[in-house]
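To start, the structure under review is shown below, and the notes come after it.
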2 protein chains.
Amino acid sequence: MAFSERISRLKSSLIREILAAAQRPEVMSFAGGLPAEAMLPRVEWADMPVGLGQYGTSEGEPELREAIAAEARALGIACEASQVLIVSGSQQTLDLASKLFIDPGTEVLVEAPTYLAALQAFQLFGAECLAVPQEADGPELTALRQRLEQHKPAFAYLIPTFQNPSAVRYSEAKRDAVAALLDEFNVTLIEDEPYRELVFDDGSATPIVSRLKTASWIYTGTVSKTLLPGLRVGFLIATPDLFVHLLRLKQSADLHTNRIGQWQALQWIGTRHYREHMAELRDFYRVRRDAMQRALLEHFSELADWEIPQGGLFFWLTLKCPLDTRTLLKPALEQNVAFMPGEPFFIDPEQNPGYLRLNFSHIAPERLGEGLQRLAQVVRQAHSAAAA
Amino acid sequence: MAFSERISRLKSSLIREILAAAQRPEVMSFAGGLPAEAMLPRVEWADMPVGLGQYGTSEGEPELREAIAAEARALGIACEASQVLIVSGSQQTLDLASKLFIDPGTEVLVEAPTYLAALQAFQLFGAECLAVPQEADGPELTALRQRLEQHKPAFAYLIPTFQNPSAVRYSEAKRDAVAALLDEFNVTLIEDEPYRELVFDDGSATPIVSRLKTASWIYTGTVSKTLLPGLRVGFLIATPDLFVHLLRLKQSADLHTNRIGQWQALQWIGTRHYREHMAELRDFYRVRRDAMQRALLEHFSELADWEIPQGGLFFWLTLKCPLDTRTLLKPALEQNVAFMPGEPFFIDPEQNPGYLRLNFSHIAPERLGEGLQRLAQVVRQAHSAAAA
């Protein structure tokens with residue numbers, strides 16, 4: 001069988017395989033990024049017009065595009081509804097952007113670490129990824145400037161607000177500095193913000209795209225983290241030079257996003273009951289974040305360092321004695337506990353051992369301690385084995 | 001702005017632009033392939049479980065996969081639920097298959113004419129398309145054998161049952177012959193069957209994939225033509241050697257298909273009320289097909305030849321005096337009537353003038369005559385202008 005060249009780059013998804021293993025009910029999973037079942041809102045369908053069963057436009061529902069543009073403007077992003085494309089979850093933005101920009105060998109710039117599924121999408125199309133190390137307040141600026149001086153990436157893919165996996169939120173200063181650098185070198189920005197609304201403190205910062213003066217950009221978001229992921233409704237907003245192509249790529253990919261989910265999203269976006277729901281979500285996840293922090297202090301203080309995430313769904317642990325955390329997966333699953341190894345979030349996994357991503361949204365606080373105790377035991381045994 | 005090479009192959013979609021123009025309420029449109037609004041079934045959402053709002057698996061909902069596999073087996077396709085992938089409308093099958101097989105320059109085999117959006121998807125990825133002329137009962141077998149002897153296409157893409165645009169249904173004999181040739185030359189078959197259930201006579205024929213002995217295959221279908229296109233729920237069934245890669249490509253494209261639409265599709269597939277609904281659909285469309293035939297006989301007998309379609313949604317007219325039908329589009333729209341020119345359905349449009357695709361599902365029978373009269377007038381004026 002002669003497949004395309006890209007299939008040789010199609011990696012097995014560790015996430016998918018772990019999630020499959022972690023679906024056994026006896027496994028306590030810190031691996032996924034699933035919203036808590038208890039916080040999935042009850043939604044009403046009774047008022048949905050029958051006509052939404054018909055084909056729709058590739059752009060998406062006009063009212064939903066208007067609502068999303070209004071929300072974006074409220075965030076400081078100057079844009080019109082005509083720049084909004086409704087996508088089948090923001091994962092599709094990565095597919096469309098890959099098609100728009102990436103030939104085999106095309107350079108793209110990402111954070112280190114970065115979102116695993118983005119890395120896989122870019123690499124599937126043959127991207128050569130350049131990485132900029134992530135610090136607690138955003139990217140290392142000297143490294144970023146150096147990459148831009150020495151390379152001409154087709155775009156920079158950044159997740160500046162509660163990044164998956166590192167939970168980093170860029171500071172105001174770094175947002176300004178990154179925008180200035182992208183303008184200076186005329187590099188397109190893809191800004192991915194699934195977690196912006198899951199914020200646990202009063203800190204806030206406008207998107208980087210709102211600070212750009214000349215560079216082209218794509219801003220992408222989703223209702224998956226705040227409403228219902230099963231709807232598969234996300235959006236992108238793009239500068240007009242990119243939008244025209246993204247629209248055609250969307251049409252070729254799947255004609256248009258399902259209209260049922262679009263209608264449901266429209267019932268929420270911009271409404272008071274959505275704001276109330278998000279406030280409840282933040283309270284709920286803050287409690288879980290705090291419980292996780294207490295349990296981590298009890299079980300992982302000697303083993304790892306971490307920052308307390310101010311938003312998102314993950315803790316990002318740095319082992320004090322680094323080892324390839326992928327080797328912990330099998331013994332952890334034998335102890336009925338799942339986590340996400342850190343290595344796959346880097347373009348050079350072998351050079352970045354010793355990180356663990358732990359989700360805190362999905363496990364009830366009273367069960368956390370038991371799971372983390374088991375996981376800590378797995379780490380200790382690996383350390384002992386390495387020392388032996 | 002440096003885009004990928006494929007963007008240079010990203011054509012403006014004539015269909016999309018015509019549909020946009022044809023959305024003016026005063027335009028009578030024979031252009032699209034939309035189901036009739038009146039036949040969109042009322043669907044119930046009240047019983048949908050809340051848990052479907054959560055993320056799902058890339059494969060699709062297990063019960064839906066089982067139901068689709070059972071339907072396929074009833075058609076004669078030996079398959080298991082594990083070979084079924086739920087996709088975001090069967091357009092996505094074309095995207096996933098393109099990713100699986102096509103590098104720039106990869107040869108693929110298509111019918112002439114073939115489905116426009118498939119041609120565009122394959123060409124976007126850089127395919128070199130080889131065409132086999134379509135006859136009233138299927139492909140020219142000598143041409144097919146010649147292509148297979150002289151080339152090694154990555155796959156053959158065929159729409160054997162009420163093809164869009166030509167409405168051709170392959171005969172039993174041609175189905176057997178095509179299967180034997182694909183087996184002989186070991187060429188993968190992609191069989192696209194959106195229209196199988198929209199059949200107006202008693203004729204029936206099992207899918208070609210059910211006749212293959214050794215070649216790999218993908219069979220794809222959708223609920224868009226028989227239930228609700230707005231759900232964006234389609235499926236593919238593939239041999240296991242292809243399935244494993246298609247699943248990963250699906251995950252990278254959009255994680256999974258929306259679960260709301262999947263649940264709704266499951267309420268229908270394999271049920272008595274779906275069979276009843278489809279019987280009503282057939283009756284409804286048969287009436288429209290017959291009305292269209294009468295109106296065509298009245299207005300186009302001198303201008304064109306055609307076969308009466310035994311299924312699907314289209315008449316395919318061959319002008320007695322061929323001209324580039326794309327040049328008719330502007331004057332037609334000026335007369336508030338829209339149709340689909342035939343040229344874009346061919347890999348070599350300039351060599352295939354003189355075809356028109358006319359949809360009969362979307363216009364009320366009592367309005368047909370007026371629209372076809374206007375369209376015939378546009379054709380006559382073009383002939384007069386050409387003769388002058």
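What you see below is based on every heavy atom in this structure, not just the backbone, and it leaves out hydrogens, waters and symmetry mates. In this text the structure is predicted, and so the values were computed from the model without any measurement. Reminder, nothing fancy here: chain letters follow the sequence lines and each chain counts from 1.
Neither the backbone nor the side chain of B/Thr106 comes within less than 4.5 Å of any heavy atom of chain A. Interface remark: B/Ser98 contributes backbone atoms only to the contact with chain A (heavy atom separation under 4.5 Å). Both the backbone and the side chain of B/Asp241 come within less than 4.5 Å of a heavy atom of chain A. Only the backbone of A/Ile102 comes within contact range of chain B, judged by heavy atoms closer than 4.5 Å. For A/Leu100, the parts sitting under 4.5 Å from any heavy atom of chain B are the backbone and the side chain alike. Contact annotation for B/Thr93: neither backbone nor side-chain heavy atoms come within less than 4.5 Å of a heavy atom of chain A. Heavy-atom distances place the backbone of B/Ala2, and not its side chain, under 4.5 Å from chain A. The contact between A/Lys99 and chain B is made by backbone and side chain atoms together, counting heavy-atom distances below 4.5 Å. For B/Leu52, the part sitting under 4.5 Å from any heavy atom of chain A is the backbone (N, CA, C, O) and nothing else. If you measure heavy-atom distances from A/Thr188 to chain B, the contacts under 4.5 Å come from the side chain alone.
To the nearest 0.5 Å, the span separating CE on A/Met39 from CD on A/Glu280 amounts to 5.5 Å. Once rounded to the nearest 0.5 Å, the distance linking OH of A/Tyr274 with CG of A/Leu281 reads 8.5 Å. Note: B/Leu85 CG to B/Leu236 CG = 4.5 Å, rounded to the nearest 0.5 Å. Atoms CG and CG, from A/Asn164 and A/Leu313 in turn, are 8.0 Å apart once rounded to the nearest 0.5 Å.
Side-chain contact between A/Leu266 and A/Glu61: absent, with no pair of heavy atoms (C-beta onward) separated by less than 4.5 Å. Residues B/Tyr157 and B/Asp192 form a side-chain contact, since some pair of their non-hydrogen atoms from C-beta on lies under 4.5 Å apart.
Of all the listed residues (A/Glu5, A/Lys152, A/Arg42), the one sharing the greatest number of non-hydrogen pairs under 4.5 Å with chain B is A/Glu5. When B/His256, B/Met48, B/Arg259, B/Gln262 are compared by the number of non-hydrogen pairs under 4.5 Å with chain A, B/His256 comes out ahead. In terms of heavy-atom pairs under 4.5 Å with chain B, the best-connected choice from A/Ala121, A/Pro41, A/Ala253, A/Gly56 is A/Ala253. Heavy-atom pairs under 4.5 Å with chain A were tallied for B/Asp95, B/Asn258, B/Leu124, B/Thr57; the largest tally goes to B/Asn258. Listed options B/Phe101, B/Phe155, B/Trp45, B/Tyr55 were ranked by heavy-atom pairs under 4.5 angstrom with chain A; first place goes to B/Tyr55. Taking B/Ser90, B/Pro35, B/Ser88, B/Gly89 one by one and counting their heavy-atom pairs under 4.5 Å with chain A, the maximum is reached by B/Pro35. Between chain B and the residues A/Pro229, A/Ala154, A/Gly261, the largest count of heavy-atom pairs under 4.5 Å involves A/Pro229. Of the listed residues (A/Leu249, A/Val233, A/Val87, A/Asp103), the greatest number of heavy-atom pairs within a distance under 4.5 Å of chain B belongs to A/Asp103. Highest contact tally toward chain B, considering only A/Val50, A/Leu255, A/Leu40, is held by A/Leu255 [criterion: heavy-atom pairs under 4.5 Å].
Checking B/Asn186 against B/Thr214 by side-chain atom types alone, no donor-acceptor pair falls below 3.5 Å. Counting only N and O atoms by type, the side chains of B/Glu44 and B/Gln267 include no donor and acceptor under 3.5 Å apart.
Residues A/Lys250 and A/Thr257 come closest through the heavy atom pair NZ-OG1, 2.8 Å. A/Ala31 approaches A/Met340 most closely through the heavy-atom pair O-CB, 3.9 Å. Between A/Gln83 and A/Pro240, the closest heavy-atom pair is NE2-CD, 4.0 Å.
Between A/Tyr285 and A/Tyr195, the gap from one ring centroid to the other reaches at least 6.0 Å.
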